Structures are given as structure tokens and as C-alpha cells.
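This is a predicted model, so every value here is computed, not measured. These numbers come from the heavy atoms of this one structure, side chains and all, not from hydrogens, waters or symmetry mates.
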There are 2 protein chains.
Amino acid sequence: MPQNDDQMTADAQISRIKPGRRTEIRRENERVILDAAEKVFAEAGFGGATMQLIADMAGLPKANLHYYFATKEDLYRKVVQQIFEIWLDAAMQFDDAPGPVEGLGGYIDAKMDISRTHPYGSKVWASEVMHGAPVIQDYLETTLRDWTDGRIAAIQRWIDQGKMRPVDPRHLLYMLWATTQHYADFGHQIQTLNDGKPLTDRQWAAAKASVKDLVLRGIGAI
Amino acid sequence: MPQNDDQMTADAQISRIKPGRRTEIRRENERVILDAAEKVFAEAGFGGATMQLIADMAGLPKANLHYYFATKEDLYRKVVQQIFEIWLDAAMQFDDAPGPVEGLGGYIDAKMDISRTHPYGSKVWASEVMHGAPVIQDYLETTLRDWTDGRIAAIQRWIDQGKMRPVDPRHLLYMLWATTQHYADFGHQIQTLNDGKPLTDRQWAAAKASVKDLVLRGIGAI
DNA sequence: CTTGCAGTTGACCATACGGTCAGGAAATGA
DNA sequence: TCATTTCCTGACCGTATGGTCAACTGCAAG
């Protein structure tokens, strides 16, 4: 979002905004390309995606993509990294929560929201992992592993404090990931089973409520 | 690698077995090709898979694949259909079960077993759905929809009979699919978080037990 | 205005891919 | 044995893809 402090009639003055025209162009184009790439990679897979398709969707000549991103792999890598960061941000919900109802409930809410707002990203992530994580293996082994260990400890603490039943924290986490991401990754199947129509706001709310209810009852936190 | 199953010794005698040599050759080769294709499609996606790769994995010349399967799409379609049938067979567990503990518990067991024995098939299915189900859309709209409606009715019956809490049967089904298939589709991630080693028999048993426990407690059937 | 650099793009290239085909090998039936 | 059908496969082809490049445009500093 560019800041338009004084929106005057002539754009000659407006063009002289803070971040500099050059940087602005670069940022905007990278944004457009990354968004197009995310969608195409999600819908066609890495192998099925073509630079031409991404270029068409971004409304730019193919050669221009290669000016901003050296190779197809490079572009793909940036897309996956971007998703990973969004995905990790949702994990914040977990921290400084007094108990499982707030911690896990908030985490489910956040992840369900991401499944709705970033379905393409979730699919790219899923596809990447399914293919053996060729470009994010190091993330899995460092960041994700550390994060997972930390949350398992947090859950174990809640168990020790008697705030929930003694369930295996690891498999509980897997269930959260699987269930919340399912609404993005298998969104097409869900839509087909919903008479071909996307879930309404009300249906999304019901989905969130169902997931939270099932999980929180399952761990005996309600 | 040329096929040299039985060299000169038993060749003449054994070749006169029941189903006819021709049919036998055809069946065996189709089997080998389908298995190789399932693995390659799962690991590389439809777009990333090449007929040459599948041929190499099957130990046959590429032209031979096109003798048995006209096009790449045709081969892919057969792979997906094969998976769909295995997947539907597991659904039998659901039928004529007196209550949710046997019905849902048995279904979870069956689907977890499939996730372990047919991880490639599960991934191909997931990939197909994520890409908008270009070749199995009709299956989703007919067979899968009918099956889903039937199971929802069965679950609702259990609810009406007071055998479980009143949860939304549809979202419960989604949770079962998501959770069980996660162990196949995200198997690489799970393995990475398990110190890079595949789950042992004991760990798989623990996973099954955790999933069943969480779900059956969640629906109040235990 | 001049110079220089970031951004833009049509045309082009080497490669790899899905698919074809002709002709040979092996099995089957009479 | 011979004729016919099925099976096998190296060589080949048109196309599409990722990537390159040289020429061009336009912004911005001196």
C-alpha cells in the first residue's frame, strides 16, 4: 500500500513520494510476480507451472520475470519462503496462553483463517512437502523442528498442570495441522461436496467451531 | 534390464500356465508400469513426471509404455482410479457397525493402514484434488458425494440414538480424512521431525491409538 | 542537455518432452 | 510348419519450455 499523504490532482507531484520511484517499481513488480507465481504453482504444481503462464497472469512479458527472478527455482523458493513466514506468524497465538483452550483454540482460529485467506500458499507448501521438501528441507530440520519441540513442551506443561488429558502432544499437533490445512488443500473437494459452492461466512464459522469443539473435547479441556 | 525371470530351465514347461502367456505378460507389465507411475507421479507431480522416468523405474523402454497406455494422461487416470478403489474399500469398515466406536474406530484403523501401505497413492490423490481434480471431478460429484451423504446419515443416526455427542457429521468426516491422510501426504515432514527416521511399528501403533483416542473422545463416544 | 543506470521486451536458442512408427521378435492357432 | 496376432523397441519428430541477449525506453543526477 503506497502512502498517499497529499492526493492532489496532478500525479507529477505524487510521483515524488518517499521510497523513490525505482524502489517502488521493483517492489510492486516483485509483489505482482510473486502473487501470480503462488497461484500458478498451487494450481499446476512446480513441474506443471510455466514461466509463460505466470507471466500472463502477472500481465508482464516473460523476459521481465527473469529480470527480477533469475530462475524458475529461485521464484519458487521465494514463494515457499513467503508462505512459511505467514504460517509461522500464526504460531504466535500459541505463546503466552494460560491454557489449552486459549492456546490451541487461538491457534486453530489463526490457522483456519490462513486456510481461507491463503489457500494457494497452503497448497504450495503441501506440494513441496509431498515431493520431499527439495527446497525447504533445512527449514524443516531447524526452524520447524525447534518450534515443534517448544510447543510439545508447552502442551506437556498443560498436561502436567492438569489442564487437559494426557494425550501425545506430537500427534495432537499433527491433527491440528492436518485438520486446519485440509480446508485449504482439499478446498476443491469440500466445495464439490458443498454443491459446488464455496463455503459461506457462516459455514466457515461452523467449520472453525466444529474443529475447535472436537479438538478441545478430545483433549478434555472442555 | 531385460526380463529374465525364469531362464532356460523352466521356461518351456512353466510358460503353459493357466491364464495364457499373452494375458499374463500384459497383466504383469501393466502392473509394473502402474506401480512405477504411481511412485513417480507422487514424487514429481503430474507435470514434473516424465514418461522416461516412469519407464526407467519400470525397467522398460519408453515406447513400451505407450504400447500399454496410449498417453500420459491415460496412465495417470488409471493410477488415480486404482487409488480411489482402494480408498473406497476402506469405507466398508463403516457399514453395519453398531456404533461409532466400531464404525469410526475401524474406519480410522483402515485409513491409517492405507496411509502406511499406499503413501504414493494417497499423495497422487491429494495432488489431483489440490489441482482442481481435472480427471476425477465426476467421481467427486457422484461416487464420493453419495458415499459421503450415506455416512453422514449413519453418523446422524448414532447421534439420534445418543451414542455420541451432536457434532456436525460433515466436519467430523473431514477431520478423519485430513488426519489419517496426513500421515501419508506429509510423511516426509513427519519423518524429518522423527529425527529423519521412518516411524517404527510401535510409533505407527501409537499414532493410530492417538488419533482414535482424540476423535472418539471428541465425539463423546468414550 | 548529457550521461548512466534501472527497467523492459521481442526474438532467439538448446534442450527435453510426449508421442509416433516401422520393422523385428515372440507367442498362438491351424 | 506356416500364418497371424501380439509384443517390443530404437530412432525419429514437432512442440513447448526455461533461459539468454542485445537493443530499447525512461528516469534521475550532475
Please give me every residue in residues 38-52 of chain A whose heavy atoms get under 4.0 Å of an atom in DNA chain D, ordered by residue number.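 A:Ala49, A:Thr50, A:Met51, in order of number.
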Separation of atom CD1 in A:Ile25 from atom P in C:dT9, rounded to whole Å: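 Answer to the nearest Å: 11 Å.
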Figure out the CD/C1' separation between B:Glu24 and D:dT6, and round it to whole Å.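 Spelled out: CD on B:Glu24 to C1' on D:dT6 is 15 Å.
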By a strict heavy-atom criterion of less than 4.0 Å, which residues belonging to residues 53-83 of chain A are in contact with DNA chain C?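 The answer is A:Pro61, A:Ala63, A:Asn64, A:Tyr67, A:Tyr68.
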Side chain to side chain contact (heavy atoms under 4.5 Å, CB included) involving [X] - partner list, sequence neighbours excluded:
X        : value
B:Asp146 : none
A:Thr200 : A:Arg202, A:Gln203
B:Gln156 : B:Ile159, B:Asp160, B:Pro169
A:Ile114 : A:Ile86, A:Ala90, A:His118

Mind listing the N/O atom pairs, protein and nucleotides 22-25 of chain C, below 3.5 Å?
none

Check this one for me: any side-chain N or O of A:Arg26 less than 4.0 Å away from OP1 or OP2 of C:dA6?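 Checking C:dA6 against A:Arg26, no side-chain N or O comes under 4.0 Å of OP1 or OP2.
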Strictly by side-chain hydrogen bond (donor to acceptor under 3.5 Å, both in side chains), give each pair with a member in residues 131-142 of chain B just once, sequence neighbours left out.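 Those involving residues 131-142 of chain B are A:His188-B:Gln137, A:Thr192-B:Gln137, B:Gln81-B:Tyr139, B:Gln137-B:Glu141.
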Please identify each residue that fulfils side chain to side chain donor-acceptor pair (under 3.5 Å) with [X], with sequence neighbours left out.
X        : answer
A:Arg116 : A:Asp201
B:Ser127 : none
B:Asp89  : none

Any chance the rings of A:Phe84 and A:Trp125 have centres within less than 6.0 Å?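 Yes: the rings meet the under 6.0 Å criterion.
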Name all pairs fulfilling the ring pair (Phe, Tyr, Trp, His ring centres under 6.0 Å) condition that reach into residues 52-75 of chain A, sequence neighbours left out, sorted by first residue then second.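 The answer is none; no pair qualifies.
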